Amino acid sequence: MRDSAEWQPTSYRSHTIGQVVSLGDSLIGTEVTISGYAETVRGRGAICFLMLRDGTGRIQAFLKRDNMDQAFFDLVQSVSRESTVQLTGVVAEKRAPKVKEGESPPPPEYEINVSSGSILAIASTPLPVGVTDDVQVGLDVRLDNRHLDLRREHVNAMFQLRSRVLQYGREHLIAEGFQEINTPKIIAAAAEGGTNLFPMKYFDTDAYLSQSPQLYKQLAVLGGLERVFEIGPAFRAEKHDTYRHLNEFISFDIEGAWMDDEDVMGVQERMIFHIWSEVKKNDQNLIDIINKYRISQGNEEIEVDIPSLPFPRIPYCEAIEIVKKGGGEIEWGDDIESHHCDLIAAKFPGFHFIPRWPMAMKPFYIHHKENEKGTTGEQLSRGFDLNFGRDEMTSGGAREHRVDILEENLRGMGLDPADFTFYTDGFRYGAPPHAGWGLGVARLLMVLTGAGNVREVVLFPRDRSRVTP
RNA sequence: GCCCCGAUGGUGUAGUGGCCUAUCAUGCAGCCCUGUCGAGGCUGCGACCCGGGUUCAAAUCCCGGUCGGGGCGCCA
């Protein structure tokens, strides 16, 4: 539940439930008004218990027929679960529950002795997804009813964690001198080849949804913004159907001038270190909620393991050797696929960088040094990946800042430099060497939360077959 | 695009040709009891994805479709 200590009263409540729960003792005897979802309603006689939940906590409301308008009492008593209710009453210490012999009584808890209130909105029955039920629900049903799924405690906790991860990431980058930018998501050209783009109509012109802020964040750096980052959507029209791919996802991108691939790997590992450290320090309560659920499902608990710095660097050539020794079929020049990553992850289970990929496998904007060759004599690049276990988190690299080589690379990949003048022109008037990366936010969150499917940690995921809700 | 698997009340499931007027849990509706607290007790409600076929008999076998899951490919 969220910390609401500083929240101001609103038209619908004098206190958050979280405030009542945490202030507890000092509020005894005070009249408060709270609002929330009716989680359970027990009792059909002269008394009634209603567990009320808002985004900050849950508290029991105690209702006695004699203490209020009888019509309201009857209404509350028959209200369906998840209906929203506003209640006014006096804070009191809850009577301690009966405990088994030998068990120590729980710490004091608080409740509201209700005197009045109103029903804000009735929930239809039955709920398509149980909020507090023990029964499992399939992911598809959950996503169809995400608005209800989000009310489940552990799901809610995951999205609070997501917000924290972005907050800590921003914090760290700003501390390192990066500034936040936004680049256009409607673009004119199929910028980079490779991935398929979603076409769209921009008035009378053909346009596309952006697959990556890559070229624009570079232009921002070339323009002198020096160090930039963007947290924004990227769209890819690939017909993949896996636990880790979506057609719309949030990419966490940085780009920095006067930096090379090693420099931005440093930024990345420090940022991840900061995020993990802060989560461990501030958000164990959210991890606990997720673990409570995981235990109930028979899953292993997750732990926030702060990675040690620096992360291992396993250059491409070495990675190929590891895969070969592990019995994987691979040749220099092949992509390192998921099943290959399993072999590497066996030796490097946590975060690890894979730098120095073959230039032939990298996009045209990746920098290379002519004297850096692979074991077979082929040109290496300054592009890198960050993996965790078998999954790719990041792709990044030092960028090509020499315009003649950029154009050569474009031609080499079957692209026409004339289509990229909006980009290459940025390099004609003095270009700082620069580097950057793009990180999949949801993939990072999968690592942190133990989610087995990227859809778990995306509010309203867009995949091959889902555009609603 | 390829391969494999699956679809049973609102939800999650049991069921492998007749024991199925279909199991269990949860839910929902109602009643009883109760300062309850994973509340408890009782009663009831509610389902075999769609279309065709095989068979005396189909939730169960076959074919097609739809939807979903897993794996692969694709993926700056």
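The structure presented is a predicted model; accordingly, all values stated were derived computationally and were not measured. Labels below follow one simple rule: chain letters A, B, ... track the order of the sequence lines, proteins then strands, and each chain is numbered from 1. Below, all heavy atoms of this structure are taken into account, side chains as well, without hydrogens, waters or symmetry copies.
- Looking at A:Glu337, its side chain has no donor and acceptor atom pair within 3.5 Å of the base of B:G73.
- Using Watson-Crick or G-U wobble geometry with both donor-acceptor distances under 3.5 Å, B:G46 finds no partner in any strand shown.
- To the nearest whole angstrom, the two P atoms, one in B:G46 and one in B:U11, are 16 Å apart.
- Under the Watson-Crick or G-U wobble criterion, with both distances below 3.5 Å, B:C61 is paired with B:G53.
- Comparing A:Gly138 and A:Thr40, the nucleotide of RNA chain B nearest to each residue sits closer to the 5' end for A:Gly138.
- Within 4.0 Å of A:Arg464, counting heavy atoms only, lies at least one base atom of the nucleic acid.
- Side-chain atoms of A:His245 and base atoms of B:C75 include a donor and an acceptor less than 3.5 Å apart.
- Rounded to whole Å, atom C1' of B:C74 lies 11 Å from atom CG of A:Asp335.
- Nucleotides B:C62 and B:G44, compared at atom C1', are 40 Å apart to the nearest Å.
- Relative to the ring axis of A:Phe73, A:Arg65 does not place its NZ or CZ within 45° and under 6.0 Å from the centre.
- Between the side chain of A:Lys94 and the base of B:C37, at least one donor-acceptor pair of N or O atoms lies under 3.5 Å.
- Within 4.0 Å of A:Val141, counting heavy atoms only, lie sugar-phosphate atoms of the nucleic acid but no base atom.
- Regarding A:Tyr243, its OH atom lies at a distance of 7 Å from the P atom of B:G71, rounded to whole Å.
- Listed candidates were B:C28, B:C75, B:U26. Nearest to the side chain of A:Pro126 is B:C28.
- To the nearest whole angstrom, the two C1' atoms, one in B:U36 and one in B:A25, are 23 Å apart.
- Within 4.0 Å of A:Gly438, counting heavy atoms only, lies no atom of the nucleic acid at all.
- With 3.5 Å as the limit, one finds a donor-acceptor pair spanning the side chains of A:Thr394 and A:Gln268.
- Base pairing of B:G40 is made with B:C32, judged by Watson-Crick or G-U wobble geometry with both donor-acceptor distances under 3.5 Å.
- With hydrogens and angles left out, the side-chain atoms of A:His367 and A:Glu400 include a donor and acceptor closer than 3.5 Å.
- Taking a pair to require two hydrogen-bonding distances under 3.5 Å in either a Watson-Crick or a G-U wobble arrangement, B:G6 pairs with B:C67.
- Between the P atom of B:G27 and the CD atom of A:Glu82 lies a distance of 13 Å, rounded to the nearest Å.
- Regarding contacts with the backbone of B:G70, a side-chain N or O of A:Asn453 is found under 4.0 angstrom from either OP1 or OP2.
- Here A:Phe49 does not pack flat against the base of B:G35, since the 5.5 angstrom centre distance and 30 degree tilt limits are not both met.
- Nucleotide B:U21 is matched to nothing when pairs are restricted to Watson-Crick or G-U wobble geometry with both distances under 3.5 angstrom.
- Across the strands present, B:C72 finds its partner in B:G1; the criterion is a Watson-Crick or G-U wobble pair with both atom distances under 3.5 angstrom.
- Taking atom P in both B:C33 and B:A47, the straight-line distance is 32 Å, to the nearest Å.
- The distance from atom CG of A:Asp149 to atom C1' of B:U11 is 12 Å, rounded to the nearest whole Å.
- Side chains of A:Thr449 and A:Glu456: a donor-acceptor N/O pair is absent below 3.5 angstrom, by distance only.
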Problem set entry | Criterion side chain to side chain contact (heavy atoms under 4.5 Å, CB included) on A:Arg81 and A:Val41, from CA distance to verdict | CA-CA 7 Å; A:Arg81 300 204 297 173; A:Val41 185; 5.5 Å; no
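- As rounded to the nearest Å, B:G64 and B:C2 have P atoms that lie 14 Å from one another.
- Residue-level contact check: A:Lys239 touches the bases, meaning some heavy atom is under 4.0 Å from a base atom.
- Taking atom NE2 on A:His240 and atom P on B:C3, their separation rounds to 21 Å, with Å as the unit.
- With P as the reference atom, B:U23 and B:G15 are 14 Å apart, rounded to whole Å.
- On the P atoms, B:G30 is 44 Å away from B:G71, given to the nearest whole Å.
- With salt bridges taken as basic N to acidic carboxylate O contacts below 4.0 Å, one links A:Asp144 and A:Arg466.
- For A:Arg81, a side-chain nitrogen or oxygen approaches OP1 or OP2 of B:C28 to under 4.0 Å.
- Ring geometry, A:Phe311 versus A:Phe351: the interplanar angle falls under 30°, so the pair is classed parallel (tilted spans 30 to 60°).
- Checking B:U13 for Watson-Crick or G-U wobble geometry (two distances, each under 3.5 Å) identifies no partner in any strand.
- Nearest nucleotide to the side chain of A:Asn113, out of B:G35, B:G27, B:G73: B:G35.
- Of the listed nucleotides (B:C28, B:C37, B:C75), B:C37 has the atom at the smallest distance from the side chain of A:Gln60.
- Residue A:Gly130 is classed as having no contact, given no heavy-atom separation below 4.0 Å to the nucleic acid.
- The side chain of A:Arg42 contributes no N or O atom lying less than 4.0 Å from OP1 or OP2 of B:U36.
- Across all strands, A:Ser465 comes closer than 4.0 Å only to sugar-phosphate atoms, never to a base (heavy-atom distances).
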For this session: Could you go through the salt bridge (Lys or Arg N to Asp or Glu O under 4.0 Å) check for A:Arg402 and A:Glu408 one step at a time?
Result: CA-CA 10 Å; A:Arg402 301 162 293 183; A:Glu408 195 181 304; over 6 Å; no
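- Straight-line distance between the P atoms of B:U60 and B:G6: roughly 13 Å, to the nearest whole Å.
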